[in-house]
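Take a look at the structure below.
Since this is a predicted model, take the numbers as computed values, not measurements.
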Amino acid sequence: MKIYYGMAQWQHPAWVNWLYPSSLPAAERIARYSQVFSTVEVGSTFYTKVDQAQLLRWYSVVSDDFRFAFKAPQTVTHRLFDRPWRDIVEDWCVFMASLQPLQSKLGPTMLQFPAACDERLLERIMLLCDLWDLSAPLSVETRHLAYFDKTGHESLLLKGLAEKGVNRVIMDSRPVFSTQAYCDSLVDAQKKKPRVPCHPVATSSHPVVRFIGHPDLPLNDKWLDQWAVKLAQWLAAELTPTVFVHSSDNIAAPTLAATLDQRVQRLCGDYQPSLQLPQSQEQASLW
């Protein structure tokens, strides 16, 4: 019975002297981060090809129970309309090969498709899932509203993912859109984060949640309560959820994750907390 909690990054200027000391070199922060969190989104693989030696260095410094969630290259997920299919498949296969040596520490690898990827590309999404040949789980995030219609195209997506044992990434951006954008971080988040319905349906054994929190922490409470109930249900069904917690500036994301885990613990008597944040004088000054 475990929930994997992580951030969208493993270092942030505001986390210095809290998650890791200021004296710790930046290159060593992933190891310290992994002592607190059990997973991390790795977005760098979306933007560029990461050197294999770098991937293996990250792999070597985290514990055996830590899980990386790498994002598939944008040449695979964001060029489905305008690239030859054979080139997309080649890039997907090269990416999978780069992850082969890391399989024992892989969480759900993410195929994250843009809002422009509509129902016409569902077949290609399913074909990419069919090509997945690693032992670790795979997840799919869609952002076009056609995939949130609860019946037609969403039903086809969910059915296809379930049949293939692929997890749907569940985006919950409700908190960050719950107020007017009254600060720079909210303005930026509301421009960049997808505003899609939150449909918490697990299609396989490793459901993935991306929770985008509001910087005014108490405003997140009702959604954290809802997610605590859902996570408790998934644990009771013997699923293994992965939860990536963001906030508009990501400063408060660790606190939101810990708060959520505490609420799960209150609902599940035999649940052992998955996340314990370090206590420090600097931490108190952040909020």
Checklist entry - For the residue pair Phe46 and His78, is the inter-centroid distance of their aromatic rings smaller than 6.0 Å? => result yes
Checklist entry - Do you know which of Tyr20, Trp58, Phe37 makes ring pair (Phe, Tyr, Trp, His ring centres under 6.0 Å) with Trp10? => result Trp58
Checklist entry - Can you tell me how far the CG atom of Leu106 sits from the OH atom of Tyr59, to the nearest 0.5 Å? => result 8.5 Å
Next on the checklist: With a 6.0 Å cut-off (strictly less than), is the heavy-atom count around NZ of Lys2, excluding the residue itself, greater than 12?
Outcome noted: yes
Checklist entry - Taking Phe113 as the fixed residue, which of Val169, Leu80, Leu121 is the one that meets the side chain to side chain contact (heavy atoms under 4.5 Å, CB included) rule? => result Leu80
Checklist entry - Given the rule that I, L, V, M, F, W and Y join up when any side-chain heavy atoms are under 4.5 Å apart, are Met110 and Tyr47 in one cluster? => result no
Item to check | Evaluation steps, salt bridge (charged side-chain N to carboxylate O under 4.0 Å, His left out), between Glu90 and Arg83 | outcome: CA-CA 11 Å; Glu90 180 180 358; Arg83 293 188 74 211; over 6 Å; no
Next on the checklist: Donor-acceptor pair, distance only, cut-off 3.5 Å: does the side chain of Asn167 make one with the backbone of His206?
Outcome noted: yes
Checklist entry - Quick check: does any side chain N or O of Thr109 sit under 3.5 Å from a backbone N or O of Leu138, one acting as donor and the other as acceptor? => result no
Next on the checklist: Between Arg79 and Asp82, does any NZ, NE, NH1 or NH2 come within less than 4.0 Å of an OD or OE carboxylate oxygen?
Outcome noted: yes
Item to check | Main-chain N/O of Asp249 paired to His12 side chain as donor or acceptor, under 3.5 Å | outcome: yes
Checklist entry - Can you say whether the rings of Phe70 and Phe68 are parallel (under 30°), tilted (30 to 60°) or perpendicular (over 60°)? => result parallel
Checklist entry - Does any non-hydrogen side-chain atom of Gln74 lie less than 4.5 Å from one of Pro114? => result no
Next on the checklist: Is it the case that over 12 heavy atoms from other parts of the model lie below 6.0 angstrom from the CD atom of Glu238?
Outcome noted: no
Checklist entry - Going hydrophobic residue to hydrophobic residue with side-chain gaps under 4.5 angstrom, can you get from Ile88 over to Leu131? => result yes
Checklist entry - Do any N or O atoms from the side chain of Tyr33 and from the backbone of Thr39 form a donor-acceptor pair under 3.5 angstrom? => result yes
Next on the checklist: Would you say that His246 contacts Lys193 through its side chain, given a criterion of any heavy-atom pair below 4.5 Å between the two side chains?
Outcome noted: yes
Checklist entry - Going by heavy atoms in the side chains, are Leu19 and Pro278 under 4.5 Å from each other? => result yes
Item to check | Geometric class of the Tyr182/His214 ring pair [parallel <30°, tilted 30-60°, perpendicular >60°] | outcome: tilted
Checklist entry - If you count the non-hydrogen atoms of other residues, nucleotides and ligands that lie under 6.0 Å from CD in Gln103, is the total more than 12? => result yes
Next on the checklist: With a sphere of 6.0 Å drawn around CG of Asp133, does it hold more than 12 non-hydrogen atoms of other residues, nucleotides or ligands?
Outcome noted: yes
Next on the checklist: Is the shortest side-chain heavy-atom distance between Val166 and Thr203 below 4.5 Å?
Outcome noted: no
Item to check | Identified side chain to side chain donor-acceptor pair (under 3.5 Å) counterpart of Glu41 within the set Lys71, Gln112, Gln9 | outcome: Lys71
Item to check | Any donor-acceptor N/O pair, Tyr4 side chain to Pro241 backbone, under 3.5 Å | outcome: no
Checklist entry - Do Leu235 and Val264 have side-chain heavy atoms sitting under 4.5 Å apart? => result yes
Checklist entry - Would you say Lys105's side chain and Val62's backbone share a donor-acceptor pair under 3.5 angstrom? => result yes
Checklist entry - Taking the six-membered ring for Trp, are Trp227 and Trp234 parallel (under 30°), tilted (30 to 60°) or perpendicular (over 60°)? => result tilted
Checklist entry - Would you say Ile212 and Arg195 make side-chain contact, with heavy atoms under 4.5 Å? => result no
Checklist entry - Do Gln190 and Phe177 come within less than 4.5 Å of each other through their side chains, counting heavy atoms only? => result yes
Item to check | Close side-chain approach of Phe95 and Leu99, heavy atoms under 4.5 Å | outcome: yes
